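To start, the structure itself, in structure tokens.
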Amino acid sequence: MTNYVPEALPRPANAAPWAKVDPKNTLRIALASILPAATAGLLAIAFGWQFEFTLLAVFLPLQLVAGLWLGTVTAGKRGRGDALLVIFTVFFSALVLVLLMSVLWSVVSNGAAAMSWQFFTQNNVYVSANTSLEYGGVGHSILGTVLIVGLATVVTVPLGILIAVYLTETRGKTRGLIRTLIQAMSGLPSVVSGLFVYAAFIVTGITQYAGWAGSLALLPLMLPTVSRIAEESLRLVPADLRSAAVGLGAPNYRAFLQVVMPAAKSGLVTAILLGIARIIGETAPLVLTTFAAATTSVNIFNGPMSTLPTYLYGFISDPSIQSAQRAWGAALVMLILVGVLFTAARVMTRSRVGKKTKKNGK
Amino acid sequence: MSQQSNLKIPERRKLNTAPTSLGDKIFFRVASGAANFSIVLVGLILVFLLWQSLPALQGQGIDFIFGSNWDAAAETPVFQIGPMLWGSFLISFLGVILAVPMAIAIAYFIEFMASKAVGRVATTLIDLLAALPSVVLGLWGFAVFTPVAAGWAESLNKAFGWFPLFASDGAGFLASPFIAGWIVAIMIVPIIASISREIFSQIDRDLINAAKGLGGGSYTIFKKVILPTASGGVVGGVLLGLGRALGETVAIFYVLNLVFEINWYEILQQRGGSIASNILARFGEAGPAEISALMASGLVLFVMTLIINSIAAWVVAKAQPWRKN
């Protein structure tokens, strides 16, 4: 028995008129995209113009003219606005990208020179401005950062998550106020936070410069980030899950601990990671509360400590080449730490989103 | 017909959602305790700063904010933060003016122009920009960006030097508010961009499709649909960025020349001010009287940012009515 294969009906010639692109038009788009850049580049090479001048005074006007021409030819008067919008958007987006890439590239390329095993392990005790890079490193600062940020995290995370719980799980009357206040606190100047801890703990004589004072100064900076992202992720848990758990007779706290929290787990971990990334580079509060030290210190409750930001802060303005290299090296270490935290947070978020969309069958 | 009914209407039961079990009581108590702690924390910051700054505020009076002299070594020390205040505002406004086009462009690009994959990459990059420590940005600004931006400033001065805004006394173009403004702009682009993107993504797609169906081009849609719908949220984002810009400390510390001389419009001069950077710059060598003055300037900064950020948070919340619950 032979299979009957129905013959496909011919597609009508006038189907999907939007899919038909006039080859002339494609050519015009290509011309309007390439010609201004090519002309400006050739002129700049021929006359030896500066890059910025070429970009702003030659390329941009040419590109605007080309865009306006293309818009007018393809869509008449209203095409002009569209062309301007595209040029504006691409230009400014590219500007942001270039600035970001410049920061990343200069940190990586300048910091690479300082990288070595002993840079990660040694401290700063016998290092002066002209000491060769073969001696000394950021070991004590990494340790200090881990301790201070760790203590801040241990204190802030439960607090931040509880605030998120208040905002999502309860019907408290002050939720709007708290939400506004948390949002406003996210703009708290870091130096003010340092001044506060200095006034409350160091002026009053409770402690000298010490690591834990730094942790306290980081708390108000980390709190808004943690509680906002935690609130966001708790909010994503469907209300049905809560109702079902309560309907089965669970008290609210068990419904939260055993149903809502596991469902929002990856979001809560993201909140913690991004909170750490927020404070790991804070300098001003630590300069005011933990100060800096050249020695390795593990006692977080007594005496000044060095952290990566204060290490970097101390070396930036020193004119010697070695100091500059140490500063870039510390910047690279910090960037790597932020990058690791950030990637981990991304992976967490992605897995959550993936699961959610699969469940909804989208 | 006066038959007494022995049906009694039962007393209305009081409906109550308050927790009954002990566990729940503790759970809700602890949660609202944590929430109230955030109010207490802000209150404590205010109280301690006010307490520490009283000597300076009493000694200097209203001139503390409007005067323009700072001398800790004088017989009667003078502490007046006028130039720092003006400088903070100048740098912040400059930063916002530079940041807004970049932020809106990138938000529009991610939401309406880029494909999904490109949009995701761009979002990650913007978030990464937000996570850059400000001291790293300060190092970059000091070592890499300042020479480049000084070149830009010089050309600006050459082309538009007749205009007071771009005037220069010829002493050079390093360490000016112009450069600090760029650094601040880079810091606040991610804040404005992420809020704008959030608002853009929530705009009703039917509205946009309807505009398209009526023959609107992308520019018309941007002007007539996207901007009016999203303007509240964008303004809120800009205010949040302004608050962050006012409080920026370390990055500005390295790229700005702090001078106690009021300069509120000459962006290319090597005279600038920033309250936050001034605190960092003077704290290490300050005696008790000067520390009190620095506390007072911190108080001024805190109150300003708190007001701006609260307004911003309120505006952003108003602009997202769908988030009410």
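As a basis for the values below, the full set of heavy atoms in this structure was taken, side chains included, without hydrogen atoms, waters or symmetry mates. Numbered from 1 within each chain, the chains take letters A, B, ... in sequence-line order. Keep in mind that this is a model prediction, so the values were computed, not measured.
Looking at B:I186, the atoms closer than 4.5 Å to chain A (heavy atoms on both sides) all sit in the side chain, from C-beta outward. Heavy atoms of B:I275 lying under 4.5 Å from chain A are absent altogether. At a 4.5 Å heavy-atom cutoff, the contact between B:I279 and chain A is made by side-chain atoms alone. If you measure heavy-atom distances from B:A276 to chain A, the contacts under 4.5 Å come from both the backbone and the side chain. Both the backbone and the side chain of B:S218 come within contact range of chain A, each with at least one heavy atom under 4.5 Å from a heavy atom of that chain. The contact between B:L240 and chain A is made entirely by side chain atoms (from C-beta outward), counting heavy-atom distances below 4.5 Å. Contacts between B:F302 and chain A at a heavy-atom distance below 4.5 Å involve backbone atoms as well as side-chain atoms. In this structure, the portion of B:I126 lying under 4.5 Å from any heavy atom of chain A is its side chain and not its backbone. Contact of B:M113 with chain A is made through the side chain alone, with heavy-atom distances under 4.5 Å. For B:L294, the part sitting under 4.5 Å from any heavy atom of chain A is the backbone (N, CA, C, O) and nothing else.
Across B:A313 and A:Q183, no two heavy atoms sit closer than the pair CB-CG, 3.1 Å.
Contact annotation: the side chain of B:Y254 approaches that of A:I316 to within less than 4.5 Å [non-hydrogen atoms, C-beta and beyond].
A ring-centre distance under 6.0 Å is not found for A:Y253 and B:F28.
Summarising the geometry, atom OH belonging to A:Y313 is positioned 3.5 Å from atom CG belonging to B:L280; distances are rounded to the nearest 0.5 Å.
Of the residues considered (A:T170, A:L95, A:V192, A:V103), A:V103 shows the highest number of contacts with chain B, using heavy-atom pairs under 4.5 Å. No other option in A:L100, A:T180, A:V165, A:L341 has as many heavy-atom pairs under 4.5 Å with chain B as A:L100.
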